[in-house]
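Everything quoted here is computed from the prediction, not taken from an experiment. When reading the values below, keep in mind they use all heavy atoms of this one structure, side chains included, and skip hydrogens, waters and symmetry mates.
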Amino acid sequence: MIYFDNAATTYPKPPSVIKAMNDALITCGNPGRGGHVLGRNAERIMYDCRVEAAELLGLDDETKIVFTNNATHALNLAIKSTMNEGGHAVTGGYEHNSAIRPLEAMENVEYDIAYSELFNEEDAIRQISSKIRADTKCVVLNHISNVFGNELPIHKIDDICYEKGIDLILDVSQSTGSEIIKAWDFKAVRFMCMPGHKGLYGPSGTGILACCKEDKLYSIIQGGTGSNSGDFAQPDFLPDIFESGTQNFIGIAGLLEGIRFVKGREDEIAQHKRRLIELFHNELADEKGLKFFFSNKQKSLLSISVYERNDDLFEHLCQKGICTRNGLHCAVTAHKSGHTIENGTVRISFSAFNKENEVKYLSEILKKYLKSL
Amino acid sequence: MQIVIIFKSVTYAQRAERILAKKGITSNIIKAPFGKNAGSCAYGVRISDKYIAPACDIIREVKLPYTDIMVKQSDGTYRGLEL
């Protein structure tokens, strides 16, 4: 089996992740409640993970790291906290449904989607700027598209938001772990949202909401936090305001080791994935009947299309033991921007563990498939 | 004599423990005694009384809010301590 669906969930996980989770199942109890030895073991893991994540993301205070179930959970908290009192929001044209659907669900929120030309950063800036109104409260922006791997100009949009006094929420699901993203590089970013199970190589059921600003917090979920227990009201401080209920400390034990696996290696991992993208492109660029969505600045993944045969290609690859992803990838806006809404695409996404010979094998399978058409 | 500086959450107590350790002050985290400000379920860092003054200075310096300082009495109960 060859795995190229790392934009969904990275596989395999580093052995240290698996060992940490196994150990946590044996040595940990409920964190932040009892104060006994098993609880303390879990608390230590969670705190260590906050410290490592804060360092990774350039935050000065580990209490600004909130654990979530995934990026979708983090985006819901970020969007519904920021837009709690209603108003107008703008999204980029390459957003996942985890950014669009929370906005759509909020009755007191109006939003506009800034569709833009694929691989054209200037157009993205132009389109997002054109959607910003006098009453716009926030921009929600995906850093790297989970469909095409194109990078959105987050720093330039941050400048624009800062000038206009608008909050920026960043979805860094496809970039964390292979791009250097530091909170101190931004001025308008209120939240950064990411999963633990993709580029951080943690298990599913983990995610991070990085809170770059500590004011105007509002939680959509209330409950036990192990703090202020004599008060009916939800604590108003980080991370407790967003962390009700027993946390996934088994998953967080794995996430801690996943973060340690990537920390300080982000450039190396990014270059490795870029080399695989270029190799794949070089192997197949001249093939007729295959549409490549490729640019020189693409990150982590790419999409291909054989148009109405995409589903057939996907099934063919599955039969050959190659895991990819077909369809719309839960990102309708990206397919509207990329004009691929009719057939979707077949996505090939890489991790630190993929090898060049795997890419060559995939290329050979694809060449034979195309010849057979 | 054991003194406990109480914080409103376990994360704050852990932050205090790490900051104090970096400054050479040993402490350990405990589930806090029932504090009048923190309510139940708070956590604290337990330190020796000889370090209480510098520990409080360090914690104030990093703007880490604590809710109570309590001292354990010989009968096992805790009483608040004003510094």
Non-hydrogen atoms of chain B under 4.5 Å away: do they reach the side chain of A/R44, the backbone, both or neither? both
Check: B/E17/A/Y47 side-chain N/O donor and acceptor closer than 3.5 Å: no
Rounding to 0.5 Å, atoms OG1 (B/T11) and CD (A/E43) come to a distance of 8.5 Å
Part of A/D61 within contact of chain B (heavy atom distance under 4.5 Å): both
Heavy-atom count check: over 12 atoms from other residues, nucleotides or ligands less than 6.0 Å from A/K263 NZ? yes
Looking at A/K187, I'd like to know if its NZ atom is crowded, meaning that more than 12 non-hydrogen atoms belonging to other residues, nucleotides or ligands lie closer than 6.0 Å. yes
Is a salt bridge present between A/D236 and B/K8, judged by a nitrogen-to-oxygen distance below 4.0 Å? no
What do you reckon, is NZ of A/K19 surrounded by more than 12 foreign heavy atoms closer than 6.0 Å? no
Please confirm whether the backbone N or O of A/H36 pairs with a side-chain atom of B/K31, one donor and one acceptor, at under 3.5 Å? no
Heavy-atom distances under 4.5 Å only: say whether B/I29 touches chain A with side chain, backbone, both or neither. both
Selection from A/P31, A/P235, A/G39, A/G34 maximising heavy-atom pairs under 4.5 Å formed with chain B: A/G34
Between OG of B/S9 and CD1 of A/I241, what distance do you get to the nearest 0.5 Å? 12.5 Å
Starting at CZ of A/R40, measure out to CG of B/N28 and round the result to the nearest 0.5 Å. 8.5 Å
How close do A/G32 and B/V10 get, counting heavy atoms only, and between which atoms? CA-CG1, 3.9 Å
I need the B/F7 CZ to A/S227 OG distance, nearest 0.5 Å. 14.0 Å
Please confirm whether the backbone N or O of B/R15 pairs with a side-chain atom of A/E62, one donor and one acceptor, at under 3.5 Å? no
Are there more than 12 heavy atoms of other residues, nucleotides or ligands under 6.0 Å from atom CZ of A/F237? yes
